[in-house]
Amino acid sequence: MLLNLCLFFLFLTSSDITVQAIGVNWGTTSSHPLPPDKVVELLKSNKITKVKLFDADPLVLQALSGSNIGVTVGIPNSMLKSLNSSRKVAESWVHDNVTRYVSSGSSGVRIEYVAIGDEPFQQSYGEQYHPFVIGSAMNIQTALAKVSLANQVKVVVPCSYDTFQSESSLPSKGHFRPDLNKTMIELLTFLRKHHSPFFVTISPFINFHRNKNISLNFSLFEETKHPRNDAHRTYKNSFDLGYDTVVTALSTAGFPEMDVVVAKIGWPTDGAANATSSTAETFMKGLMDHLRSKSGTPLRPRNPPIETYIYSLLDEDQRSIVDGNFERHWGVFTFDGQAKYNVDLGQGSKNLVNAQFVEYLSSKWCVVNNNKDLSNATASSLNACSTADCTAISPGGSCFNISWPANISYAFNNYYQLHDQRADSCDFGGLGLITTVDPSVGNCRFPVELRTSHSVSLYGTSLFQWMILLTINTILQDFL
C-alpha cells in the first residue's frame, strides 16, 4: 500500500514537471501590441508557466512581476558588439534588466535565462554577429556572478534551425555548419562549464515548406506510409528527425550529454500553403502528445527536451518577412489574444482562454469607393502594403481568393488601422471610403486595431534609450 502511494505521488510530481516544461515565445514586433498586463493575464489564464522574450522591455518585465512565470530575457543582436567590447556595459545591462527585477523577492520576476542575441548565427545574417557572441556571453556571465546570480540565472545562446544540417537529411549525418565549427566549440564549452543548456530552433514547418521529400503527414505527427530509416532507427515524424540531427551534431562536436531546450517550434496559420489554423492545430496537438508521452527520440529514448517553447504566443504584424509571409502568423493566438484553435498547453483543458476586456479602436474600416475611377487603385494598394501588413492577400494567404476590388479594400484598411484610423490615412487620392459596415469576407477578416498606440512608442523608446546609452559608453571607453 505504501509503495503504491509513493508511486502515485511520483506520477503526480512527474506530470507536473512535464507541464512546466512547456513555455511560449512572446514577441512584441507589432504595430499595436496587446498591453503587457493583458498578455500576462492570458498566460496565467492558460496556466503557461514559462515565457521566452526577445528583449528586456521594462513594461513587459513589470507586468511579469509577481506572476511566478519563469522568464527568459533576450538581448537583441544589435547590442552584441557593445556587450562584447565592455564588461561595464554588460554589468550595466544586468543591473538594469535582471538585478532590479529579481531582487524584489516574491514580487519580482523569476528570470531563469538570459538569451544572448536572437538567433545570431542565422545564415541570412552572414558572419556579422559571430565575433561578438561568445564575448557577450562571457561578459554577461561575469556580470551575473558579480551580483551572485550566476547559479540562479543561466546564460544561453538561441541557435537557429540552419545552425545544424545534414546533407542526407538523416540524423546520423548531422553536424554544425562548417563556418560555425570553431564558434560552436567555444559556445558548447562555455555552456558545459556553466551548466547551461543548448537552445535551438526545430522547424518542421520550414523543413516541409522547403523540402519536397518531406510529407505533410510526417510533419504533423500523423501516421505515414513512408517513415525514415537511419542506421537501424526508424523516424515517424519530422520533429524527431530534426532533434536527433541536433543530438548527432552535439555528439560529433564532443558534447553528447548536452541538455537541449527547444527554443522555438510551431506552425503558422497564414501566409503560405498549408499554413492554416486547422493544420496548426493538428501539429500542436501532435507535438504536445509527443512531449507528454516522454518517449523521447530514437537517439534519446525517454529523454525529451528539458524545455520546449512554442513559437509563438501572438501574431506580430511587423516581423520581417524575408523568410516568407508566414513569419507574421506564428501565433497560437491572434494579435488581439483570441485563440485560433484549441490545444492543451498545460492548462489541463483543450479549450484555450482568450484575452479579456481587450480595447479596440472604433468599429470603422477603410474600403475602396466603388463610385470612383479605380484604374490607379492597384498602385495605391501596393503603396499601402509597403508599410501595412498585407501578407494575408499573398498567394496561400487566407484572403488571397477574395475578388478585386475587395483585395484593394483589404490593403487600404490595414494601412488605415496601422495609422490609428486617421481620416487622412483613408484618402488614397480620393479612392478610400470610411465605413461602419464590416467588409470581412468568409474566413478573410478585415481587422480593427487595438487601442494601444501609446505602448508602441514606449516599447520603441526603451530600446532606443538603451542603444543611446551603449553608444555613449562605447565612445567614453574609446576616449578613456
Side-chain angles (χ1 to χ4, degrees), residues 22-27 29 46 48 51-52 119 158 160-162 200-224 235-243 245-246 261-293 297 304-305 307-317 319-321 323-335 337-347 350-352 389 391-392 394-398 400 443 445:
I22 307 296
V24 295
N25 286 269
W26 172 6
T29 315
N46 289 287
I48 297 170
V51 66
K52 177 172 162 283
E119 300 187 338
S160 55
Y161 65 88
D162 58 9
V200 65
T201 294
I202 306 288
S203 189
F205 172 78
I206 291 180
N207 286 341
F208 165 73
H209 189 62
R210 296 180 178 176
N211 191 336
K212 294 180 180 179
N213 295 322
I214 295 179
S215 71
L216 184 60
N217 284 354
F218 187 74
S219 302
L220 299 178
F221 298 91
E222 294 188 320
E223 288 294 327
T224 175
Y235 289 88
K236 298 180 179 180
N237 62 76
S238 185
F239 172 79
D240 286 355
L241 199 74
Y243 190 84
T245 303
V246 173
V261 167
V262 177
K264 287 168 63 176
I265 184 169
W267 197 280
T269 59
D270 210 334
N274 294 299
T276 65
S277 294
S278 60
T279 309
E281 180 174 21
T282 301
F283 173 80
M284 290 297 298
K285 286 181 176 178
L287 176 64
M288 292 298 103
D289 289 344
H290 187 50
L291 292 174
R292 288 197 175 93
S293 73
T297 63
E307 293 174 9
T308 300
Y309 290 85
I310 304 305
Y311 187 67
S312 185
L313 181 65
L314 301 160
D315 284 346
E316 299 171 76
D317 67 343
R319 279 196 68 83
S320 168
I321 53 174
D323 289 334
N325 291 324
F326 55 82
E327 286 290 351
R328 294 179 177 173
H329 304 279
W330 289 99
V332 175
F333 293 86
T334 54
F335 72 96
Q338 308 306 298
K340 299 178 185 179
Y341 49 84
N342 286 311
V343 63
D344 184 358
L345 295 177
Q347 74 273 23
K350 292 183 179 180
N351 294 320
L352 294 170
D389 177 29
T391 52
S394 63
S398 59
F400 178 62
N443 292 327
R445 176 188 179 191

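No hydrogens, no waters, no symmetry mates; every other heavy atom, side chains included, goes into these values.
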Under 30°, 30 to 60°, or over 60°: which ring-plane class applies to W267 and F283, parallel, tilted or perpendicular? tilted
To the nearest 0.5 Å, atom CH2 of W330 lies from atom CG of D270 at 12.5 Å
Any donor-acceptor pair under 3.5 Å linking the side-chain atoms of S160 with those of E119? no
N/O donor-acceptor pair under 3.5 Å between D315 side chain and G331 backbone: yes
F335 vs L314, side-chain contact (heavy atoms from CB on, under 4.5 Å): CA-CA, chis, key distance, verdict: CA-CA 5 Å; F335 72 96; L314 301 160; 6.0 Å; no
Going from CD on Q338 to CZ on F333, what distance comes out if it is rounded to the nearest 0.5 angstrom? 8.5 Å
Approximate separation, where rounding is to 0.5 Å, of K340 NZ and M284 CE: 11.0 Å
Which heavy atom in G27 sits nearest to a heavy atom in S312, and how many Å separate them? N-OG, 4.2 Å
Minimal heavy-atom distance between K52 and P158, with the atoms involved, is CE-CG, 4.4 Å
Is there a donor-acceptor pair closer than 3.5 Å between any side-chain N or O of R328 and the backbone N or O of R319? yes
Just jot down the side chain to side chain contact (heavy atoms under 4.5 Å, CB included) partners of H290, sequence neighbours excluded, or say none. F221, N237, F239, D240, S293, S295
CZ on F218 to OH on Y235, rounded to 0.5 Å: 9.5 Å
Can you see which heavy atom on T269 is nearest to which on A280, and at what distance? CG2-CB, 3.8 Å
Within the 3.5 Å criterion, strictly below it, is a donor on T282 or E222 matched to an acceptor on the partner's side chain? no
Mind listing the closest non-hydrogen atom pair of S320 and E327 along with its distance? O-CB, 3.3 Å
Just one of L287, T308, V262 clears the side-chain contact (heavy atoms from CB on, under 4.5 Å) bar with I202, so which one? V262
Pairs satisfying salt bridge (Lys or Arg N to Asp or Glu O under 4.0 Å), at least one member in residues 274-286, at least two apart: E281-K285
In this structure, are over 12 heavy atoms from other groups packed under 6.0 Å from N211 atom CG? yes
Using side-chain heavy atoms (C-beta onward) and a distance below 4.5 Å, is L345 in contact with N46? no
Run I22 and L291 through side-chain contact (heavy atoms from CB on, under 4.5 Å) and show every step you take. CA-CA 9 Å; I22 307 296; L291 292 174; 3.6 Å; yes
side-chain contact (heavy atoms from CB on, under 4.5 Å) between F205 and I265, worked out: CA-CA 9 Å; F205 172 78; I265 184 169; over 6 Å; no
Give the minimum heavy-atom separation between H329 and A392, together with the two atoms involved. NE2-N, 4.5 Å
V332 vs Y341 side-chain heavy atoms within contact, under 4.5 Å: yes
Residues in side chain to side chain contact (heavy atoms under 4.5 Å, CB included) with N325, at least two apart? I321, T391, S394
Side chains of Y243 and P305: does their closest heavy-atom pair fall under 4.5 Å? yes
Do L352 and V343 come within less than 4.5 Å of each other through their side chains, counting heavy atoms only? yes
What's the spacing between R210 CZ and D323 CG if we round to 0.5 Å? 5.5 Å
Find the distance between OG1 (T201) and OH (Y311) and round it off to the nearest 0.5 Å. 8.5 Å
Which atom pair, heavy atoms only, marks the closest approach of I214 to S219? CG2-OG, 3.4 Å
Run the numbers on N25 and K264 for side-chain contact (heavy atoms from CB on, under 4.5 Å), then give the verdict. CA-CA 7 Å; N25 286 269; K264 287 168 63 176; 3.7 Å; yes
Within the distance-only criterion (no hydrogens, no angle test), does the side chain of T279 pair as donor or acceptor with the backbone N or O of A275 below 3.5 angstrom? no
Pairing donors with acceptors under 3.5 angstrom, does anything connect the side chains of T276 and S278? yes
